[in-house]
Protein chains: 2
Amino acid sequence: MEALFNYFEQFQKLSTADKQAIAATCSIKKVKKNEIIEAVGSASTTIYFLKSGIARTFYYKEGIDVTEYFALAGNIVARAQSILTRKASAKAIQIIEAGELIAINMTKFFQLFDTFPTIERLFRRILEASYLDIIERLESLQFHSAKERYVALLEDMELIQKVPLKYIASYLGITQVSLSRIRATYHSNAMLKS
Amino acid sequence: MEALFNYFEQFQKLSTADKQAIAATCSIKKVKKNEIIEAVGSASTTIYFLKSGIARTFYYKEGIDVTEYFALAGNIVARAQSILTRKASAKAIQIIEAGELIAINMTKFFQLFDTFPTIERLFRRILEASYLDIIERLESLQFHSAKERYVALLEDMELIQKVPLKYIASYLGITQVSLSRIRATYHSNAMLKS
DNA sequence: CTATTCCTTTAACAAATGATAAATAATAGA
DNA sequence: TCTATTATTTATCATTTGTTAAAGGAATAG
C-alpha cells in the first residue's frame with residue numbers, strides 16, 4: 001500500500017487517518033498478461049493503481065480495436081468517464097504486462113469526501129493533473145503530424161519497448177501500417193545522422 | 001451575477017454565504033470584438049464567465065494562429081493550464097463577439113476552499129465536466145476524419161454561424177483551405193439528398 | 001521442438017490533407 | 001458609398017495517410 005500513498009502524496013499530504021480511510025477502500029489484485037480487468041458494457045466503480053505491470057484502456061470503433069491510453073507501473077488506470085458519469089462504458093481495461101494492482105473502490109472512496117476533506121482535495125489534484133495531461137495529448141493530436149507524435153512517444157522508451165506496436169498505432173490515431181511506414185523512414189533517417 | 005450562479009448550481013448547490021464569498025472574487029467587464037483579454041506570455045489568475053458574447057483561446061504554433069477552443073455565452077473561458085500550474089502561458093484569450101464577462105479572480109477563489117468546502121467541491125465538479133468534454137474532443141481528433149469532425153461541429157449551429165471559418169479550421173486540426181474543400185463537397189452532397 | 005498463430009513490415013494504389021497561388025466574396029473604415 | 005482589407009473559395013500539385021494484400025519474423029501452445 002506504501003506505493004499508492006507515495007503516489008498520492010505527490011499531490012496531497014495525507015494524515016494517518018486519511019491513509020487508514022483510503023486503505024479501507026483498497027484491495028490487492030494480481031493480474032496476468034492480456035487479462036481484461038474491466039469489460040465493455042459495465043459501469044465502472046473502480047480505479048486501479050499499478051504497483052507493477054502495464055495496462056491500457058481501449059474500445060471497439062466499428063469493430064476495430066482502438067487504444068485510448070496506456071498506464072505504466074506507478075500510475076493509475078481507470079475508465080474515468082464511466083466513474084464520473086456513473087454510466088455504462090463502451091471501453092475496457094486490459095493488462096499488457098502482468099503485475100500487481102491496487103484496486104480502489106470509488107463508491108467507498110467518494111463517500112470519504114464529506115468526512116475527509118483532504119481526500120476530496122487529493123482527488124481534485126489528481127483530476128487537475130489528468131486534465132493537464134489530456135490537454136497536452138489533445139494538442140499533440142490537433143497540431144502535430146503522425147510522425148511528430150511517434151517521435152514524441154519515443155521519449156517514453158519503456159512504452160515503446162514493452163507495448164505491441166498494434167496498440168500504439170491506434171493510440172497515435174493512425175493505422176498500424178502507417179506506423180510501420182513512419183518507423184521505417186524515421187529510423188533510416190536517424191541512422192544517417194549517426 | 002445571477003447568470004453565473006445559475007451556471008454554478010448546475011454543478012453544486014450553493015448557500016447564500018457561498019454566493020457572497022464568490023461574488024467578492026468577481027468583477028464585471030465589457031468586452032469588444034477582437035479584444036485580447038489575456039495576452040500571450042503572462043501567467044493567468046482569472047477565469048471568465050461569458051454573460052454574452054463569444055471567446056476563444058489560441059496561440060501561435062510556428063507563427064500560425066491556432067485556436068484551442070471556443071466558449072459561447074453561458075460558459076467559461078480560461079487559460080486552464082496556466083491557472084493550474086501558475087506558469088506563464090503561450091496562449092491568449094480573444095473576444096470573437098462583443099459581450100459582457102464576469103471575471104473571477106482565482107487567487108481569491110482558491111483561498112475560499114479552506115473555509116467553504118462547497119466551493120472547493122463546485123470547482124472539482126466543473127473540472128470533472130471539463131475533463132469529460134476534453135476526452136470527447138480527444139476521441140474526435142484521434143479517431144474521426146476531418147470531415148466527420150466538421151459534420152459533428154455543424155450540430156453547433158451558433159458556433160458555425162458566428163465564428164469565422166479561419167478560426168474553426170485550426171480548431172478542427174486542419175488548414176483553412178482544407179476546411180473550405182470539405183465544406184464544398186459536404187454541402188453539395190447534402191443538397192443532393194434533399 | 002514444431003506448428004500454428006499473431007505481429008510487423010513491405011508494396012501498390014487510393015483517398016485525404018497540406019502548400020501555394022490566385023480569384024471571388026464579404027466586411028470594415030473613411 | 002467607395003475603397004481597402006480581410007475572409008473564403010477554388011485550382012493545382014506535393015505529401016501524408018489509408019486500404020488491401022502478401023510476406024517475413026516472432027511468440028506461443030501443445
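No hydrogens, no waters, no symmetry mates; every other heavy atom, side chains included, goes into these values. Source: prediction; values computed, not measured.
- Salt-bridge formation is detected for the pair A:E120/B:R121: a Lys NZ or Arg NE/NH1/NH2 atom is positioned less than 4.0 Å from an Asp or Glu carboxylate oxygen.
- Electrostatic pairing of A:R56 and A:D65 counts as a salt bridge here, judged by a charged N lying under 4.0 Å from a carboxylate O.
- Of the candidate nucleotides C:dA21, C:dA12, C:dT17, C:dA12 has the atom lying nearest to any side-chain atom of A:R181.
- Closest to the side chain of A:K166, from the set C:dC7, C:dT10, C:dA21, is C:dC7.
- In this structure, A:F123 and A:F109 have tilted ring planes: the angle between them lies in the 30° to 60° band.
- In this structure, B:Q176 places its CD atom 15 Å from C1' of C:dT17, rounding to the nearest Å.
- Going from atom CD1 of B:I174 over to atom P of C:dA19 covers 12 Å, rounded to whole Å.
- Under a cutoff of 6.0 Å and an axis angle of 45°, B:R137 and B:Y69 do not form a cation-pi pair.
- Listed pair B:T175 / C:dG18 meets the phosphate criterion, a side-chain N or O lying under 4.0 Å from OP1 or OP2.
- The separation between B:L172 atom CG and C:dG18 atom C1' is 15 Å, rounded to whole Å.
- Here B:S178 does not reach the OP1 or OP2 of C:dT17: none of its side-chain N or O atoms lies under 4.0 Å away.
- Taking atom CD on A:Q161 and atom P on C:dT8, their separation rounds to 14 Å, with Å as the unit.
- With a 6.0 Å cutoff to the six-membered ring centre and a 45° limit on the axis angle, B:K91 counts as a cation-pi contact of B:Y59.
- Rounding to whole angstrom units, CG of residue B:L179 and P of C:dG18 are separated by 10 Å.
- Contacts between chain B and DNA chain D, taken as any atom within less than 4.0 angstrom of a protein heavy atom, begin and end at D:dA7 to D:dT12.
- Atom-to-atom, CG of A:N34 to P of C:dC7 comes out at 8 Å; the value is rounded to the nearest Å.
- Spacing between atom OH of B:Y150 and atom C1' of C:dT17 amounts to 17 Å, rounded to whole angstrom units.
- Looking at every heavy atom in both residues, B:Q142 comes nearest to A:L172 through NE2-N, 4.4 Å.
- Atom NZ of A:K61 has more than 12 neighbouring heavy atoms from other residues, nucleotides or ligands inside a 6.0 Å radius.
- Atom P of nucleotide C:dC7 and atom CD1 of A:I168 are separated by 13 Å, given to the nearest angstrom.
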